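Note that the structure is a prediction, hence the values are computed from the model and not measured. Atom set for the values below is all heavy atoms of this structure, side chains included, hydrogens, waters and symmetry mates excluded.
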Amino acid sequence: MLRERNEELAVLETRNTGKPIQETRAVDVLSGAECLEYYAGLAAGIAGEHLDLGSHAFGYTRREPLGVVAGIGALELPAADRLLEVGSGARMRNAMNLQARRTHPAHGHEASGGVCGGGTA
């Protein structure tokens, strides 16, 4: 979805960060999509570990989702950085709530639509 809306999101990214449109078109949105794909690929490999604690004992770790994870993101950061925050939380199958500052011009409405498929932040 990010790749399909690359042009629209690149323009928004340029407005938000002041970066050149050439850079946001070629790097920022596409890097964010790659970041999400990377974390999505890691999610399948999350498992517990068996630890040998000597001849009569062992330990086992379980990696489980925490639930809802909140993040306060600065929309001035490049899109890839914001998506890194979302992707790292989602990696452990957590629901990520990334809330933008209310004083930011875009206030996250368009940015959340790019990741979530529509709606508002």
Side-chain angles (χ1 to χ4, degrees):
M1 183 182 307
L2 291 173
R3 286 186 180 89
E4 292 169 8
R5 296 180 60 193
N6 185 45
E7 181 62 25
E8 174 188 350
L9 294 171
V11 169
L12 178 65
E13 184 71 2
T14 294
R15 286 186 198 147
N16 286 344
T17 63
K19 294 172 81 174
I21 189 70
Q22 297 86 346
E23 185 175 342
T24 58
R25 275 185 188 134
V27 178
D28 287 5
V29 178
L30 300 176
S31 295
E34 290 172 3
C35 174
L36 292 178
E37 290 169 348
Y38 171 77
Y39 280 116
L42 290 178
I46 296 172
E49 275 183 81
H50 179 270
L51 305 169
D52 184 6
L53 300 175
S55 61
H56 296 14
F58 70 92
Y60 182 74
T61 62
R62 290 175 44 170
R63 293 193 169 91
E64 298 177 333
L66 296 172
V68 176
V69 180
I72 300 171
L75 285 177
E76 294 83 5
L77 292 174
D81 291 348
R82 294 189 311 268
L83 291 170
L84 175 65
E85 195 171 340
V86 172
S88 60
R91 173 182 176 239
M92 287 296 294
R93 298 180 294 275
N94 292 306
M96 185 68 181
N97 179 7
L98 182 63
Q99 179 65 46
R101 292 181 295 114
R102 295 229 179 255
T103 57
H104 192 274
H107 182 54
H109 293 286
E110 294 89 347
S112 65
V115 176
C116 303
T120 60

For Ser31, all residues meeting side chain to side chain donor-acceptor pair (under 3.5 Å), sequence neighbours excluded: none
If you group Ile, Leu, Val, Met, Phe, Trp and Tyr whenever their side-chain heavy atoms sit less than 4.5 Å apart, what else falls in with Val11? Ile21
From OG1 (Thr14) to CZ (Arg25), nearest 0.5 Å: 7.5 Å
Please list, chain by chain and in numerical order, all residues satisfying ring pair (Phe, Tyr, Trp, His ring centres under 6.0 Å) with Tyr60, sequence neighbours excluded. none
Residues two or more places apart in sequence or in another chain: which of them pass side chain to side chain contact (heavy atoms under 4.5 Å, CB included) with Glu49? Leu51, Thr61, Arg63
Contacts of His50 meeting ring pair (Phe, Tyr, Trp, His ring centres under 6.0 Å) (sequence neighbours excluded), chain-then-number -> Phe58
For Arg3, side chain to side chain contact (heavy atoms under 4.5 Å, CB included) partners two or more places apart: Leu30, Ala33, Glu34, Glu37
Taking all heavy atoms of Thr24 and all of Glu13, pick out the closest pair and write down the distance. CG2-CG, 3.5 Å
CG (Asp28) and CG (Leu9) are apart, to the nearest 0.5 Å, by 11.0 Å
